[in-house]
Structure formats: structure tokens, C-alpha cells
*Asks:* 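Sharing a structure here in C-alpha cells format.
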Number of protein chains: 2
Amino acid sequence: MQKLVIPRKTVYRLSLYYRALQRLRVGKTATVSSAALAKAAGVKPTQLRKDLTYFGQFGTRGLGYSVESLSKQLTDVLGTTRLQPVILVGAGNLGAALLRYHGFAKEGFEVVAAFDVKTSKTRAQQLGVKLLPMTELGGFVREQHIKMAILTVPGTVAQEVANALVEAGVLAILNFAPIILQVPDRVVVNNVDLAIELENLSYFIQ
Amino acid sequence: MQKLVIPRKTVYRLSLYYRALQRLRVGKTATVSSAALAKAAGVKPTQLRKDLTYFGQFGTRGLGYSVESLSKQLTDVLGTTRLQPVILVGAGNLGAALLRYHGFAKEGFEVVAAFDVKTSKTRAQQLGVKLLPMTELGGFVREQHIKMAILTVPGTVAQEVANALVEAGVLAILNFAPIILQVPDRVVVNNVDLAIELENLSYFIQ
DNA sequence: CTGTGTGAAGGCTTTCACAGCC
DNA sequence: GGCTGTGAAAGCCTTCACACAG
């Protein structure tokens, strides 16, 4: 597997393609051309074809791609074949909000526990997930072999918590705190900053 | 103003720089080098300097940048000098979650109203914001001259709602629905898809 | 004849190297 | 001496053009 040569942007687009394919699948479409799929994913047809060739040949010339088969290939490449356990750290405003929003679950991810400095039975019931104190973070991650974490703590403690996560063995962090986390090279961080997205939009409407 | 020549990625990074500067400001730092600021923003020093030169010269050679002054310049360029009114469409799980999370407010954006197909007094009170039926969307946008919208409706109706927003005069959409919106060139869309971010991470931990 | 696969060209961003100013 | 500003070079990604398969 020469996954190291696949550009990050390509990997990101694979998810877009997968999403678009799922919509076709429920629409009972059996086969799709690069032109049609590219449009649904918001990219150019040549880019879609180029992206796919990074890890194999999946289409039939003159016909297109099998929706079913390409879907499967993509889940294999993306590593979403099995349900991936995830923990959420920081059950404050945003963290609690994300827990209530169950958008992750249906896409192959399960939030198996949440962590916060302050825990209580009633709060745990509100959130509908196991709520543990920060002191148990390291042990839990190690025992359950957790590899992915959603980080929704305040920016002031984000780096410190990230350090604890990394030390316990977490390899991927979805970071909502508005700071750039310093982590070892083996750890991947994706940043989501809603305020920055809005700020970015505001530039374009002047 | 030759804003058209500034790369999109540069504009995005300006927000990162601004964020980093705010942290320095509360730390009473008066002046900062490109090396220090770049590290805080997670980029290379040369890139930071190149980004800034797209719209002027702000530093002092041998010294660095004035935190105060550069902050102001950035808000000018980004267009966040004035408080920008925003509406949220779709007060379901995710929409409600974002309303409860007040991360936007402190960054210069105010959610002035939320829209949903079903409205009720108690629901509006829970959300802490004016909750209006979808039928009033167009009128409200036109009267209040709303330019920015956060879209948190189900994917199945997202395009339809986006059309209504665009027709009423909205110029920028922060889209959380998992589809690619088709909009006129004058309208800017930023997509945020939490499931895709997780999926993307899962590729890197295989 | 339709639609994929792909080397080559083109375009865009990042990085380098160093001149210029404090 | 330290640090910014910037043309030039390098690197990366996208798009083109067309060969090739069904």
C-alpha cells in the first residue's frame, strides 16, 4: 500500500464521492459516469478520474462506474469498513451540542464516552452517553484502544488535553478549539472553527 | 481594492493570524515577529509574510509587527469591523445545538433569527432567539438586508432552501448539509461536514 | 461512439534566497 | 544584527488531450 503518495486533498474528496454515491444508491442507480458523479460532488470529471486512479482502476470504459462496487472500494480505502469508536472530550456548550446531534452515528462512528472536568449522573443522562471525569481519560483510551477523539474543550486547556490524548495513544483528533495544536508527526489533527468559517465568508460579501 | 487577486487560501489564513494575534493581545505583547506569529498560527514564517504583502506592508524591519495595528488591519481586510447579522435556517438537532453554542457571538456575528418549518413559543424560548416559520424567510432577509446564512436543514431540502435564500439576496452560506449546493457565482458557500472530517481522519490512522 | 485512464502541460501556492531597512 | 519584503525557483495540484477499452 503506497498510501503516502495520495495527496491529502484527494483523500478528502474521496469522502465527497462516497457521500454522492450513497445518494445514488438509494435512488437505485446501478452505474454512474464520472461526469455525473463529479457534478454531484462539486468537482470536475477529470479530477474525479485522476483521484480514483491513485489507488486503482474501478470504471468500465464506455459505461462508467458501478455504484455498488465503487462504494465498497471507497470504504476500504477510507478505513470506514468497521465501526470506529470515538471519544469526546469537553462536554461544555459545543461538546454537549455535538452529542445531541447524532450525525456521526449514521456515518460509521460511535461516540463511546465523553469526558469532562465536572461530571454528574443527571448530566450524563441528558447527554445520553457515558460521562467520565478527566482523570480516567488516559486509562480508558489505553484499555479500549481508542484512536480517535473529538476535542471540544476551551482553547486555554486544549493543548494540555491534546498532550494527554496523544500520550495515551490517540492518533487522530478532530479539534474544535481555536488554537493550533502541537502534536507529534504520527498524530493527525483536523481543525474545525465555525467562527473562522463565518469570518472567511464575510470577506467575500464586502 | 484588488481583492480579486488574493488567493482564497490566503484569506482563510488571515483569520488564523487574527486569532493568534488576539491571544497575544490579552498577553500584553506589543510586538511580534513573523516567526513567532507563524508558529502560533501553524504556518511557515515566509508564508505569513507573503500573505500579508498581498494587501500591504505592515511590519517594521528588524522588529516585527505591532500586535495592535496588525489586528486592526486584518479586521479591515476581513470585513469584520462591524457586527454582521446572520440567520440560521433549520432549527433541528444541529441547528439548535449551534444556537445554544454561542461561539459566534464573541467573534463579531449575531444570529438575529432562526427559521424552521415548525415553530412554537416554548421552542423559541429554549433556543433563546426569534424563531420564525419558513414562509417568512424571504421577507425577513429582504427587509433586514441579511447577507449571511447558516444552513442546517436536512440534505433533502437544502438545495431548495438555498435557492430561496439566494433569491432573497443572501450572498454567503455556511452549509452544514451534506450536499454540494448549486448557486450563482456571486454567492459564496463554505461547507462544514463533521462526518467527512471524521472519515478523513480515519484514513490516516489505518 | 461513449466514457475511462493517464502522461504531459499548465496554473497555482509555497518555499527559498537574499536585498533592504531599522 | 535582526527581521521584513519580494522576485525567482520549486513543488504540488489541476486540467488538458488523447490513447484505449467496451
Side-chain angles (χ1 to χ4, degrees), chain A residues 2-17 20-21 24 29-74 77 180 200 203-204, chain B residues 2-17 20-21 24 29-74 77 180 200 203-204:
Chain A
Q2 14 72 292
K3 81 157 90 160
L4 290 170
V5 302
I6 303 185
R8 241 194 118 111
K9 284 191 164 184
T10 293
V11 177
Y12 191 85
R13 282 191 299 265
L14 294 184
S15 287
L16 296 180
Y17 305 152
L21 278 173
L24 291 173
T29 313
T31 200
V32 66
S33 70
S34 64
L37 185 54
K39 192 178 179 199
V43 304
K44 296 228 158 59
T46 49
Q47 181 155 73
L48 164 60
R49 295 205 298 272
K50 184 66 121 184
D51 283 342
L52 294 183
T53 57
Y54 275 111
F55 53 95
Q57 301 185 183
F58 306 105
T60 308
R61 300 185 186 209
L63 196 70
Y65 301 88
S66 151
V67 173
E68 201 61 42
S69 147
L70 185 55
S71 284
K72 197 189 166 312
Q73 301 284 357
L74 286 176
V77 174
I180 302 298
N200 182 252
Y203 170 82
F204 292 100
Chain B
Q2 15 71 292
K3 83 157 87 158
L4 290 171
V5 302
I6 303 185
R8 240 194 120 112
K9 284 191 162 182
T10 293
V11 176
Y12 191 87
R13 283 191 299 264
L14 294 184
S15 287
L16 296 179
Y17 304 152
L21 279 172
L24 290 173
T29 314
T31 200
V32 65
S33 70
S34 63
L37 185 54
K39 190 176 179 200
V43 304
K44 295 228 158 59
T46 49
Q47 181 156 71
L48 164 60
R49 295 204 297 274
K50 185 65 120 185
D51 282 343
L52 294 183
T53 57
Y54 276 111
F55 54 97
Q57 300 184 187
F58 306 104
T60 308
R61 298 182 189 213
L63 197 70
Y65 301 88
S66 152
V67 173
E68 202 61 44
S69 147
L70 185 55
S71 284
K72 198 188 165 314
Q73 302 284 357
L74 286 176
V77 173
I180 303 297
N200 183 253
Y203 170 81
F204 292 100

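All of these numbers come straight from a predicted model, not from anything done at the bench. We name chains A, B, ... by the order of the sequence lines, and we start the count at 1 in each one.
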*Asks:* Which nucleotide, C:dG20, D:dG22, D:dC13, lies nearest any side-chain atom of B:R61?
*Replies:* C:dG20
*Asks:* Taking only the side-chain nitrogens and oxygens of B:S34, find out if one of them lies under 4.0 Å from OP1 or OP2 of D:dT4.
*Replies:*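 Answer is yes, contact under 4.0 Å.
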*Asks:* How many whole angstroms separate atom OH of A:Y12 from atom P of D:dT14?
*Replies:*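 Between P of D:dT14 and OH of A:Y12: 14 Å.
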*Asks:* A:L48 CG to D:dC13 C1': how many Å, rounded?
*Replies:* 15 Å
*Asks:* From C:dT6, C:dC22, D:dT4, pick the nucleotide closest to the side chain of B:R49?
*Replies:*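 Selected nucleotide (nearest to the side chain): D:dT4.
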*Asks:* Go through the steps to decide whether B:Y17 and B:V43 satisfy the test side chain to side chain contact (heavy atoms under 4.5 Å, CB included), and finish with yes or no.
*Replies:* CA-CA 9 Å; B:Y17 304 152; B:V43 304; 3.8 Å; yes
*Asks:* Given D:dT4, C:dT4, C:dT14, identify the nucleotide with an atom nearest to the side chain of B:Y65.
*Replies:*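 In terms of side-chain proximity for B:Y65, the closest of D:dT4, C:dT4, C:dT14 is D:dT4.
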*Asks:* Check B:L37 against B:A20 and note the closest heavy-atom contact, atom names and distance.
*Replies:*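 That closest heavy-atom pairing would be CD1-CB, 3.7 Å.
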*Asks:* State, yes or no, whether a side-chain contact exists between A:Y65 and A:R49 at a heavy-atom distance under 4.5 Å.
*Replies:* yes
*Asks:* At under 4.0 Å between heavy atoms, what does A:K50 touch on the DNA or RNA strands: base, sugar-phosphate, or nothing?
*Replies:*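 Base, at least one base heavy atom under 4.0 Å.
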*Asks:* Where each residue is assigned the nucleotide of DNA chain D containing its nearest heavy atom, which of A:R13 and A:T60 is assigned the position nearer the 5′ end?
*Replies:*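 That would be A:R13.
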*Asks:* Without decimals, in angstroms, what is the distance between B:D51 CG and D:dT6 P?
*Replies:* 13 Å
*Asks:* Indicate, with a heavy-atom threshold strictly under 4.0 Å, whether A:R8 touches base, sugar-phosphate, or nothing.
*Replies:*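 No contact.
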*Asks:* Can you find a pair of side-chain heavy atoms, one from B:L74 and one from B:F55, that are under 4.5 Å apart?
*Replies:*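 Yes, side chains in contact.
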*Asks:* Working to the nearest 0.5 Å, report the span between OG1 of B:T53 and CG of B:L48.
*Replies:* 9.5 Å
*Asks:* Output the rounded distance in Å from CZ (B:F58) to C1' (C:dC22).
*Replies:*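 Distance check: B:F58 CZ to C:dC22 C1' gives 19 Å.
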*Asks:* Please report the distance, rounded to the nearest Å, between NZ in A:K44 and C1' in C:dT4.
*Replies:* 19 Å
*Asks:* Between B:Q57 and A:K9, which is nearer to the 5' end of DNA chain D once each is assigned its nearest nucleotide?
*Replies:*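 Final value for this comparison: B:Q57.
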*Asks:* To the nearest angstrom, how far is B:I6 atom CD1 from C:dT14 atom C1'?
*Replies:*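 From B:I6 CD1 to C:dT14 C1': 17 Å.
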*Asks:* Expressed as a whole number of angstroms, how long is the span from B:Q47:CD to C:dT13:C1'?
*Replies:*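 Taking CD of B:Q47 and C1' of C:dT13, I get 8 Å after rounding.
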*Asks:* Expressed as a whole number of angstroms, how long is the span from A:L63:CG to C:dG3:P?
*Replies:*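 So the two atoms are 9 Å apart, to the nearest Å.
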